[in-house]
Asker: 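One structure, pasted below without further comment.
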Amino acid sequence: MPRPRATDPPLGPAVFHILLALGDGALNGYQITQQVAENSNGAVTLSPATLYENLHRLAAASLTAEIDPPAEEADGRGQRFCELSDAGVDLLRQEVERLGRDLAVARSVAALKSGR
Amino acid sequence: MRANSISEAPLATRLMATLLRRVWATYPPGVVRRYAAEAESVFLRQSADARAAGSGPLFRFWIRSFRDATGAAFRLRRGSFLPGSIPARRDGGATSLSTIRDDVRAAFRSLLAAPMFTAAAITILALGVGGSTGVFTLLHSVALRPLPYEAPEELAVLWTWETQRELPDGTSYLNWGDWQERNSSFDDLAMYVRPEFTSLTLSGNQDPRRIETSPVTQNFFDVLGVQPRLGRNFNVEEELAAAAVVVVSDGFWRQELAADPDALGSTIMLDDRAHEVIGVMPSGFRYPFADTAVWLPHSLDTGWPEREFSRGMDYFVVLGRLRDGVSFDVAQRDMNAVARQLETEYPDTNTNMGVRVVPLLRHVTGDSLPQALWLLFGGTFFVLLIAAANVAHLALARSATRSRELAIRAAIGAGGWRLARQQAAEIGLVAAAAGVLGAGLSLGVLRALIAVAPADLPRLDQVGIDPMVLAAAWLGTVTLGLGFSLLPAWSAARADAAAALREGSRGATHGGHRTRGALVIAEVALAMVLVSGAALLLQSLARAADEAPGVAMDGAVIGRINVPRDRYERPELSTFYSELFQRLSSEPGIESAGAIGSLLAFRIPDMSLSVEGLAPEDTPRPPTTGENVFPGFFATAGATLLEGRALTLSDLPGESPARQFVINETAARTFWPGESAVGKRFVWGDVLTPDREWNEVIGVVADLRRNGLDVAPVADFYAAGLFHEGEIIVVGAPGAEEATAGAFRRIMGELDARIPISDLRTTVDLFGESLAGRRFQSLLSGSFAGLALLLSAAGLFGLLYESVARQRREIGARLALGARPSDLLQSVLFRALGLTAAGIVLGLAGAVALADVLSGFLYGVGSTDPVTLVSAAALMMVVGILASLTPGIRATHVHPVETLNSD
């Protein structure tokens with residue numbers, strides 16, 4: 001049996017949050033860490049190693065693509081900008097739908113219904 | 001400011017980034033190329049963000065970054081989850097550089113995989129490095145670093161040298177003039193007044209206090225090659241006219257003159273006389289002393305200009321700058337010739353007067369101090385060696401447990417050399433990390449050393465870590481670490497694969513074990529040398545501290561006063577003292593008070609005398625001092641009168657030049673051996689000149705330890721006298737020293753508020769300070785010895801523990817065959833005792849061989865004192881037994897069946 005890949009659902013929190021952060025448009029590495037922190041209310045902080053390990057995986061699986069930095073962001077630091085590829089957008093959508101189904105099930109569980 | 005460039009980041013962040021870069025470098029090359037630089041930039045920006053949130057979040061962020069980075073290293077290398085990213089295997093044709101890189105990477109990973117070993121090795125080695133770097137830095141700063149003057153290697157101090165008694169002496173103005181004219185070795189000779197004559201009272205806005213001044217000749221600053229950084233030096237005209245001008249130190253300018261650039265031209269009051277400030281020296285300038293606050297023309301002294309015409313007035317120290325290319329030897333020979341000429345021309349004053357040329361650095365640091373520091377450095381070096389031996393132990397133990405793995409790798413084709421190299425790389429990494437940690441530790445060690453160092457250690461205020469010293473220590477550690485790593489690497493290279501595999505879990509090589517035994521013996525031997533040395537030094541300290549100072553120690557305080565000469569002529573001075581003592585003795589709580597020129601002798605004991613009835617050649621010439629005391633001093637000080645009577649007011653100098661003297665036991669024994677000294681007569685100097693009459697000895701007192709508790713007393717001659725500068729000793733109730741000192745201050749204030757009291761302290765402190773250097777030495781050597789003891793015990797423990805673990809099957813078999821547990825304990829203990837005893841014998845031999853080095857630092861105990869050495873050996877033995885107990889007991893707990901079944 002082939003090993004599951006990190007980019008197969010269900011996604012790990014790091015991969016999921018990176019995809020989510022890129023959902024609003026292209027970002028560089030540092031911006032991704034900031035966006036992730038904001039999206040997760042500070043619960044997820046990406047260390048540089050985790051960030052680039054996963055960017056490497058996402059790029060290798062063609063889920064993201066590198067683009068030239070937008071003109072207003074070209075600050076000479078040579079930071080790579082990434083955006084989601086179509087496959088990346090599909091993957092994110094699938095994952096969100098899966099999570100949505102799980103959430104709906106969770107909400108219907110008696111133990112979690114209000115009044116208990 | 002955003003710190004997203006590495007050079008702008010704080011040091012700790014930079015270090016962390018460097019560490020991470022190392023880890024990232026182990027990632028597959030493609031990942032490194034693409035992402036490493038960016039990852040670093042992100043790390044720096046995130047660190048800056050986390051820092052803003054506080055040090056806790058920053059620290060947690062760093063920990064997580066490191067953990068993630070090492071985790072990713074394994075995942076990326078294994079290629080897990082990563083289609084197509086498994087790194088291609090290097091083929092045999094790889095360059096040596098890349099193999100070394102691979103070795104280092106492999107070593108790094110294998111160290112991470114054995115955190116206990118890594119942490120222990122780094123800690124032990126860092127202790128050794130930190131200690132030795134700290135001590136060496138102190139040694140370097142105090143004794144080795146060049147002086148902060150222009151071409152300091154050309155500077156020399158020239159002493160008049162009493163050839164008969166081998167004593168240095170000051171130089172007179174006239175002799176200086178002749179030296180200056182007749183020598184051919186020096187560009188220039190300057191002079192400053194000997195320090196015992198140079199403190200002055202600074203008065204003005206605040207309470208009067210004593211400051212250190214240096215009366216100098218006009219060319220003093222030129223010879224040193226340092227000029228005032230504000231204003232100017234005084235000129236020849238001002239020197240000859242005794243103009244009241246001063247150049248002040250940077251510290252004085254900041255403290256007293258509020259660092260005001262316009263202070264030039266203002267006046268300060270020294271001994272109630274106005275002096276104009278004409279210059280400010282640079283902040284690093286501290287010659288002749290660290291606390292010299294003011295330099296002024298020597299001609300301002302009250303003794304000027306009579307001194308000019310007296311060749312016998314030895315007020316000055318001469319400072320010279322050698323001509324280009326002239327060596328100290330040549331200069332010494334040149335000055336010998338000059339001194340011989342002067343001896344012939346002025347026999348009255350210059351007979352037996354040579355010259356000694358001393359390099360300035362040696363003059364500043366002294367002779368014994370660098371020796372003492374070298375001794376300490378030797379001690380730390382021993383500790384470093386023991387530490388390195390311990391790391392070699394750890395490495396050997398590790399290679400023993402890994403021997404099966406190594407043997408398998410060797411069997412499937414890895415060369416022995418390759419395996420050895422990888423181990424060397426591991427130790428190299430450990431040494432490098434220990435070097436970095438040790439550098440940090442050395443700062444702490446240095447701070448602690450400075451805190452406990454005696455205050456009179458020269459240049460103590462300028463001690464700082466020198467990057468070169470640090471680099472040298474670091475390089476030394478890495479070299480040492482690599483050197484020691486050769487041992488395990490060599491034993492790994494020799495590992496016999498078949499044997500190692502056959503031996504099963506026992507898997508150690510016997511060669512390695514023998515090496516470790518030898519290492520333990522060496523460690524014990526080194527520790528033994530340190531322990532016996534420290535024991536001898538501690539014994540000396542104890543003996544010195546036990547010496548009776550011969551002075552009242554209970555409830556006594558002592559302080560120095562300076563009565564201004566212009567307001568107190570002889571009659572006023574007499575009244576002043578009478579009134580002072582009358583008031584002090586009528587003060588409730590004060591028992592008595594007395595006065596002496598200086599309780600602790602600080603002048604060179606260079607007096608000579610002629611004894612009635614003895615030919616000059618038969619007269620002993622021991623080190624001798626003369627001192628003035630105010631009548632009543634001996635009773636106050638609690639000195640025991642052994643013979644004759646004490647000095648009274650009627651013995652104060654009167655019309656007759658002849659004086660009455662009370663001498664100490666040593667003087668009586670030296671000059672009048674085997675008879676009573678009372679009633680004997682003598683005269684100062686070599687000849688009885690017509691204007692002198694015989695002085696008479698009227699009493700003998702027990703020796704006072706005026707040269708410090710650990711220095712044998714010299715011959716002391718005390719006369720009754722009135723003096724402007726002297727020490728008042730006040731004895732009150734024991735335990736009430738504060739109150740006694742307070743009463744003394746109050747009464748002095750009532751008598752004359754303009755007379756400063758300096759150095760007010762208890763006599764216990766005064767004599768305690770005389771042992772400060774010895775205490776410092778004992779403290780340090782004791783710490784080294786303790787550390788050495790601990791490290792060598794750790795080595796022994798490790799060896800035995802590991803060997804018991806290794807022999808579990810054998811022990812199990814012996815138990816199964818009916819051996820009693822006590823037999824097993826005994827065999828472990830015997831082994832420990834054997835190793836320790838061998839180390840002790842070697843160490844004792846070393847200690848005896850080094851006895852000469854130590855003998856100069858000892859007091860009241862021989863350098864091969866059997867009792868001390870035997871005690872040290874016994875201590876070592878006890879530590880050896882303690883270290884072997886746990887492994888021994890562990891051996892008795894081996895379960896026979898369990899061990900036989902395992903593996």
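Numbered from 1 within each chain, the chains take letters A, B, ... in sequence-line order.
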Asker: So which part of A/Ala59 gets closer than 4.5 Å to some heavy atom of chain B, the side chain, the backbone, both or neither?
Answerer: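 The answer is the side chain of A/Ala59.
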Asker: If I compare all heavy atoms of B/Trp24 with all of A/Ala49, which pair ends up nearest, and what's the gap?
Answerer: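 Between these two residues, the closest heavy atoms are NE1-CB, 3.9 Å.
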Asker: Using heavy-atom distances under 4.5 Å, tell me whether A/Leu46 contacts chain B through its side chain, its backbone, both, or neither.
Answerer: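 When you check distances to chain B, only backbone atoms of A/Leu46 fall under 4.5 Å.
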Asker: Name the region of B/Phe61, side chain, backbone, both or neither, that has any atom closer than 4.5 Å to a heavy atom of chain A.
Answerer: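 Just the side chain, heavy atoms under 4.5 Å.
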Asker: What heavy-atom pair brings A/Pro48 and B/Ala39 nearest, and what distance separates the two atoms?
Answerer: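 Where A/Pro48 meets B/Ala39 most closely, the heavy atoms are CB-O, 3.6 Å.
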Asker: Working to the nearest 0.5 Å, report the span between CZ of B/Arg67 and OG1 of A/Thr50.
Answerer: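 So the CZ of B/Arg67 and the OG1 of A/Thr50 are separated by 8.0 Å.
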Asker: Can you list the steps and then say if A/Tyr30 with B/Gln46 is a side chain to side chain donor-acceptor pair (under 3.5 Å)?
Answerer: CA-CA 8 Å; A/Tyr30 178 68; B/Gln46 283 181 300; over 6 Å; no
Asker: Between B/Asp49 and A/Gln34, does a side chain to side chain contact (heavy atoms under 4.5 Å, CB included) hold up when you go through it step by step?
Answerer: CA-CA 10 Å; B/Asp49 294 343; A/Gln34 291 204 310; 3.9 Å; yes
Asker: With rounding to the nearest 0.5 Å, note down the distance linking OH in B/Tyr35 to CD in A/Glu53.
Answerer: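 So the gap between those two atoms works out to 11.5 Å.
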Asker: Please round to the nearest 0.5 Å and tell me the distance separating atom CG of A/Leu55 and atom CZ of B/Arg34.
Answerer: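 If we round to the nearest 0.5 Å, A/Leu55:CG and B/Arg34:CZ are 9.5 Å apart.
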Asker: If you measure from CG on B/Leu20 to OG on A/Ser47, what distance do you get to the nearest 0.5 Å?
Answerer: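 So the gap between those two atoms works out to 8.5 Å.
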